[in-house]
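Report on the structure given below.
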There are 2 protein chains.
Amino acid sequence: MARPSTPRGQGRTRVTVAALELFARRGVSGTSLQDIADHLGVTKAAVYYQFRSKEEIVLAVVEDAFADLRGFVEEAEAEPTGRAATERALVGLVDLMIAHRQAIAALILDPEVGRILESHPDLMALTDRLHALLVGPRSGLSRRVAASVVGSGLAHAGMDPDLADVSDADLRRELLAVGRAVLLGQG
Amino acid sequence: MARPSTPRGQGRTRVTVAALELFARRGVSGTSLQDIADHLGVTKAAVYYQFRSKEEIVLAVVEDAFADLRGFVEEAEAEPTGRAATERALVGLVDLMIAHRQAIAALILDPEVGRILESHPDLMALTDRLHALLVGPRSGLSRRVAASVVGSGLAHAGMDPDLADVSDADLRRELLAVGRAVLLGQG
DNA sequence: GTCTATAACGAGATAGAC
DNA sequence: GTCTATCTCGTTATAGAC
């Protein structure tokens, strides 16, 4: 649907998939280009044929994830009420985490990713919009704290090794329950 | 109380304090010994006089934090009921996060720290005990997910830049409210 | 398009002067 | 105890053969 003529992860895609997995496990700073190349069974030079620098790889990985994010953020912002917008953002966020599990959270929390994002205001703005949706229109202290806890808590739960045995469907249901209880249960 | 003859962060303590701050900002892998030395206004060799390796610095930093953790985990385990134990663990965890703010969460979530902890079963066991306390005796799926979300969510909220303007007292109150709602509100 | 080879640099770590 | 100097290794990145 979104990738018409890319048969099976050729070229850049193969690199970003491998990079995402390694970044999630060891962090961006803890992952070398050699690691990525080894994981793909190629040499560093082969990776450098696809990307000019390590930062460019990180950006490509982040942008993949942010494409999904942009979609449901815009949907949520179109909702008529603040409550519906928060609900839609919550569902989108949980689905995003479930879809990638392990990977996304580690990226979001990685300080090196944060540093790189600072140079890209368009990507930063997207996270701000998500944050605003979770907090809602009445931004009291309780809601701000709740949004922060839920936002990072959901992300982290997806990659929690203690929950690795939980199925996607079960985890999705429980995460939505916790998110709704904290964000929508009180107001 | 715990440090009788160490006037003002001399020796190793100065290093661990600086290291904790830098680890929190850039991650362990993203922080070099040169960074730590520069931050202290000394040379790398001066740091190596206090610690034999970077891993030893990381361990010292983690052990400082874990000393507090051990205290309230043991208190919680002595509580008569599972509910009281969870409550005690929650309060202890929130207090720990507030006391250090910025710093602790970044350490806990750092993949390099996780890797180092794997070689130290005593420290690992402590986190397992904390986890067990948060989940409680009836470890249903809901509770397990809730404990995961709260555990990491609380940690992350402490270092959320969006909440940097919130006072320690206000944040503590709100974090306890969210934690209780999720962990104790339902069962 | 993927390789070898290597440059240029920074990392962790050590030795020894002072 | 802190310094300079140095070693070794791994890192990002480039050049050029195939």
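Chain identifiers are assigned alphabetically (A, B, ...) following the order of the sequence lines, protein sequences preceding nucleic acid strands; residue numbering begins at 1 within each chain. In this text, all values refer to a predicted model and were calculated from it rather than measured experimentally.
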Nearest-0.5 Å distance that lies between atom OG in B:Ser152 and atom CG in A:Leu109: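 One finds 8.5 Å between OG of B:Ser152 and CG of A:Leu109.
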So does [X] pair up with [Y], basic N to acidic O under 4.0 Å?
X	Y	answer
B:Asp165	A:Arg144	yes
B:Glu77	B:Arg88	no
B:Arg25	B:Asp35	no
B:Glu118	B:Arg115	no

Chain B footprint on DNA chain D, 5' to 3' - any atom under 4.0 Å from a heavy atom: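 Span of nucleotides near chain B: D:dG1 to D:dT4.
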Between C:dG12 (P) and B:Glu112 (CD): distance, integer Å: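 The distance from CD of B:Glu112 to P of C:dG12 comes to 11 Å, rounded to the nearest Å.
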Close side-chain approach of A:Ile108 to A:Thr127, heavy-atom, < 4.5 Å: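 No - every pair of side-chain heavy atoms lies 4.5 Å or more apart.
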Chi angles and distances behind the side-chain contact (heavy atoms from CB on, under 4.5 Å) call for B:Leu171, B:Arg101: CA-CA 10 Å; B:Leu171 184 58; B:Arg101 219 80 186 244; 3.2 Å; yes
Where B:Gln50 and B:Glu56 come nearest, the two heavy atoms and their spacing: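 So the two residues come closest at O-OE2, 4.2 Å.
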Check against side-chain contact (heavy atoms from CB on, under 4.5 Å), B:Asp64 and B:Thr13: CA-CA 10 Å; B:Asp64 279 356; B:Thr13 306; 6.0 Å; no
Main-chain N/O of A:Val28 paired to A:Lys54 side chain as donor or acceptor, under 3.5 Å: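 It does hold such a pair.
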Overall bend - the helix from C:dG1-D:dC18 to C:dC18-D:dG1, comparing terminal axes fitted on five pairs, nearest 10 degrees: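 Between the axes fitted at each end of the helix from C:dG1-D:dC18 to C:dC18-D:dG1 lies an angle of 0°.
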Interface with DNA chain C, restricted to residues 32-51 of chain A and to heavy atoms under 4.0 Å: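 The stretch gives A:Val42, A:Thr43, A:Ala45, A:Ala46, A:Tyr49 as the residues lying under 4.0 Å from the strand, ordered by number.
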